[in-house]
Structures are given as structure tokens and as C-alpha cells.
A.B. asks: 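Can you keep this structure in mind? I'll have questions shortly.
Every heavy atom of this structure was used, including side-chain atoms; hydrogens, water molecules and symmetry mates were not. Proteins get letters first, then strands, A, B, ... in listed order; numbering begins at 1 in each.
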Number of protein chains: 2
Amino acid sequence: MNSSILTIGHLAKQTGTKVETIRFYEKNGLLPEPSRTEGNYRAYEPDHLNRLSFIRRARDLGFSLDQIRALLALSDNRGQSCAAVDAIASEHRAEVDKKITDLMALKAELDRMIDQCECGIVADCRIIETLSPK
Amino acid sequence: MNSSILTIGHLAKQTGTKVETIRFYEKNGLLPEPSRTEGNYRAYEPDHLNRLSFIRRARDLGFSLDQIRALLALSDNRGQSCAAVDAIASEHRAEVDKKITDLMALKAELDRMIDQCECGIVADCRIIETLSPK
DNA sequence: CAGTGACCCTGTATTTGCTACAGGGTCATG
DNA sequence: CATGACCCTGTAGCAAATACAGGGTCACTG
């Protein structure tokens, strides 16, 4: 009857999410439990699709599930100040910044290490030497 | 008698590793099982300290435990070609490069998103809007 | 109307690299 | 001989999924 009711497989296909992941989001309180069909299949409505799309977008941007839970709660209270939203996003950006800084330092060390390798035998290998205690 | 025998606590302190982590490395085949004292305490020798230092250095450089296992095996065969060592290190560097690239793209998106926020109410929030399906 | 295959269900285990107990034993010091 | 610092084993937890095992349901075909 209602053509807008979706199975979990449809929801998965439309959002590029694995079926197991959708069940995982439900179990972890990110996606509300949908009603069930007579055969005990999950019956999703458009709101679920919207919510799952939101989650996927936020995940793609690297937000943690905790952060996404908070963002979802905020987006459900549309009259509130959005300062809290800004705080979560800025916190995440700072984490990303730190990761980039750390990885660049790491890369510099790896570059230095690998460039020294003259590819002889292990006994003379600069890489192994760099890793070994003096 | 032998002053060079170390307890797990000494090993931990000298390498900046937690005791549990050392036991974890042993269980996962990175550190060989040491002999035991009468009281069943692990009794480490200088070789163990060297090996653990190697592991810690490699971890600091971001190598996975699998990669470290391989590096350790290679460093034990000192006559072999070190091309395999170079391959592991280069593979890791490529992974780091990719992570940096991905994170910088991510950061650009986050910057764009956050800069639009005018910090009014959630209903008008550009961040929530960016995450929401159209 | 039975059979096939695609889909769905629950529940548990696995991944990575640790960390944190719980519930006990050992050892050195006062 | 008692206290506290250390050690032991074994198990469970974190993030964020992913991958079964062992079933049930549904739509389509012969």
C-alpha cells in the first residue's frame, strides 16, 4: 500500500551503507527503531532515510558516533542556539588539524629513514639501524 | 646474581611501555617469552630490552604490529637483502601519504562548513544544513 | 504447490592496539 | 608478620564497523 515504506536493503542501497551497519546504528541509538512488518522485517519511513543520510554525511566528514549523536539531538531542537553545533564541528576540526600535523611530522621522519636505504643487505640497512637501539 | 636480569616493571619503565602492553606483545608473538623466576615472574635479558625498544620505535613511526613482526623477522636475518625492509617502509609511507591527503581534503570541507556558521539558531544553522539531505 | 534464490532476522565473534580490571600470588621492608 | 609494591592469569572493554552461523520470509517459476 504505502510505497514510501522501505526495507533495510533499500535503505542500504540508497545511502551506500551496509545492512549490518544500519542495524549497528539502530542498536547504538543513532537510528530510531522502525516498526515491523508481519514477517518481522524492519519497515522504514522517509524520516529514517533522512536521518541515515545525515549520519553518513557526518561520518564521511569524520565525526565520531558520539559527536553525531549530539548533532542529531541538536538538529531535532531547531529553536536552540547553534553555538553547540559550532563547538562540536570546531572541536572535530581541531582534531583533524592535529592529526595532519602529526602525520606530516611522521612522514618527514619516514622520508629521512627511507631515503638513506641503499638496499644492500639487512646488516647494513639504514632503516633497521634507525629502528634499532644504539 | 645476574644484575642484567630485568622484571617486567623495569622493562616497562626503561621503554616507556605499560606492563600490560608488554604482556600483550608477548601474547601476540612480537616479544619472545622470557624465562621465569622461581616465583613465576618474567625474567628479561638485554635482548628483550633491545627488541622492545625496536618495537616501540617502530610503533612511534606508525608501523602496524604486522609490519613490525615482519621487520623483526627481517632484522633477525642479517645476511638477507634489505629490499623487503624497504618495501615495508615504503608501503607504510604510502599509507601515511594517503591519510594526509584525505585529511587535508576533509579539513577543507570542514573549514568551508564551519566558516558559514553565523551562530544563530539551529533552524538556520549552515552546519546542520550541510549535513542534512536536501 | 513445491522449490529456488534473494532477502531478512538475531546473536555472536572478529578486527587493531592496547587498557583496565578482578582475584589472586610474591617479595622486600619495617 | 604485616603492609604495600609489585607480579601473575584471564577476561572484558574501547571505536566502528564487518562477518559469520543458523535460521525465517518472500516473490517467482516449473
Side-chain angles (χ1 to χ4, degrees), chain A residues 1 3 5-31 33-44 48 52 54-72 88 91-92 95-96 99 102 106, chain B residues 1 3 5-31 33-44 48 52 54-72 88 91-92 95-96 99 102 106:
Chain A
M1 275 156 208
S3 67
I5 295 302
L6 299 157
T7 67
I8 197 168
H10 290 136
L11 212 60
K13 208 158 286 174
Q14 292 195 30
T15 57
T17 312
K18 300 221 164 153
V19 166
E20 293 96 331
T21 305
I22 297 177
R23 287 194 283 248
F24 167 81
Y25 288 156
E26 179 182 318
K27 198 166 48 184
N28 287 276
L30 286 138
L31 212 48
E33 293 185 26
S35 54
R36 299 289 181 123
T37 65
E38 286 190 8
N40 199 33
Y41 283 19
R42 284 171 180 80
Y44 291 102
H48 288 102
L52 181 54
F54 185 103
I55 295 168
R56 296 307 293 178
R57 246 169 257 213
R59 282 298 297 139
D60 285 347
L61 287 170
F63 287 98
S64 72
L65 297 190
D66 265 359
Q67 290 171 325
I68 295 173
R69 241 184 302 266
L71 288 172
L72 282 168
I88 293 170
E91 176 201 34
H92 177 47
E95 287 160 11
V96 171
K99 270 189 202 158
D102 290 352
L106 200 68
Chain B
M1 275 156 204
S3 67
I5 294 302
L6 301 158
T7 67
I8 197 169
H10 291 136
L11 211 61
K13 210 158 288 178
Q14 293 197 29
T15 58
T17 312
K18 300 222 158 151
V19 166
E20 293 96 330
T21 305
I22 297 177
R23 288 195 283 248
F24 168 81
Y25 288 157
E26 178 183 319
K27 199 165 47 183
N28 287 275
L30 284 138
L31 213 49
E33 292 186 27
S35 54
R36 299 288 182 124
T37 66
E38 286 189 7
N40 198 33
Y41 283 19
R42 285 171 178 79
Y44 291 102
H48 289 103
L52 181 54
F54 185 102
I55 294 168
R56 296 306 294 179
R57 246 167 258 214
R59 284 296 298 139
D60 284 347
L61 287 170
F63 286 97
S64 72
L65 297 188
D66 265 358
Q67 289 171 326
I68 295 173
R69 243 183 301 265
L71 287 172
L72 283 167
I88 293 169
E91 175 202 33
H92 177 48
E95 288 160 8
V96 171
K99 268 188 204 160
D102 290 353
L106 200 68

A.B. asks: Select from A:T21 and A:T37 the residue whose nearest nucleotide in DNA chain D is closer to the 5' end of that strand.
C.D. replies: A:T21
A.B. asks: Taking the nucleotide of DNA chain C with the closest heavy atom to each, which residue, A:R23 or B:K27, is nearer the 5' end?
C.D. replies: A:R23
A.B. asks: Using heavy-atom distances to pick each residue's nearest nucleotide on DNA chain C, tell me which of B:R56 and B:G39 is more 5'.
C.D. replies: B:R56
A.B. asks: Do A:I68 and A:Y25 have side-chain heavy atoms sitting under 4.5 Å apart?
C.D. replies: no
A.B. asks: If we only count heavy atoms from C-beta on, is the A:L65 to A:R59 side-chain gap below 4.5 Å?
C.D. replies: yes
A.B. asks: When you measure from the side chain of B:R36, which nucleotide among C:dC18, D:dA17, D:dT9 comes out closest?
C.D. replies: D:dT9
A.B. asks: Nearest heavy atom decides the nucleotide; on that basis, is B:A43 or A:F24 closer to the 5' end of DNA chain D?
C.D. replies: B:A43
A.B. asks: Measure CD1/B:I68 against P/C:dT16 and give the value in whole Å, please.
C.D. replies: 13 Å
A.B. asks: Could you check how far CD of A:Q67 sits from P of D:dA15, rounded to whole Å?
C.D. replies: 12 Å
A.B. asks: Grab the NZ-P distance between B:K18 and C:dC18 for me, whole Å please.
C.D. replies: 11 Å
A.B. asks: Compare side-chain N and O positions of A:R42 against OP1 and OP2 of C:dC7 and report whether any pair is under 4.0 Å apart.
C.D. replies: no
A.B. asks: Atom CD of B:E20 and atom P of D:dG13: how far apart are they, to the nearest Å?
C.D. replies: 17 Å
A.B. asks: If we only count heavy atoms from C-beta on, is the A:R42 to A:R23 side-chain gap below 4.5 Å?
C.D. replies: yes
A.B. asks: To the nearest 0.5 angstrom, please state how far the CD1 atom of B:I55 sits from the NE2 atom of B:H48.
C.D. replies: 10.0 Å
A.B. asks: Do B:R69 and B:D66 meet the salt-bridge criterion of a basic N to acidic O distance under 4.0 Å?
C.D. replies: yes
A.B. asks: Determine the contact category for A:Y25: base if any of its heavy atoms lies under 4.0 Å from a base atom, sugar-phosphate if only primed atoms, P, OP1 or OP2 are that close, otherwise nothing.
C.D. replies: sugar-phosphate
A.B. asks: How many whole angstroms separate atom CG of A:N40 from atom P of C:dC7?
C.D. replies: 19 Å
A.B. asks: Quick check on C:dC8: is either OP1 or OP2 less than 4.0 Å from any side-chain nitrogen or oxygen of A:T7?
C.D. replies: yes
A.B. asks: Given atom CD1 of B:I5 and atom P of C:dC27, what is their separation to the nearest angstrom?
C.D. replies: 15 Å
A.B. asks: Under 3.5 Å, is there an N or O donor on one side and an acceptor on the other linking the side chain of A:Y41 and the base of D:dG24?
C.D. replies: yes
A.B. asks: Check the distance between D:dC6's P and B:I8's CD1 and give it to me in whole angstrom.
C.D. replies: 13 Å
A.B. asks: In whole angstrom, give the distance that lies between atom CD1 of A:I22 and atom C1' of C:dC7.
C.D. replies: 14 Å
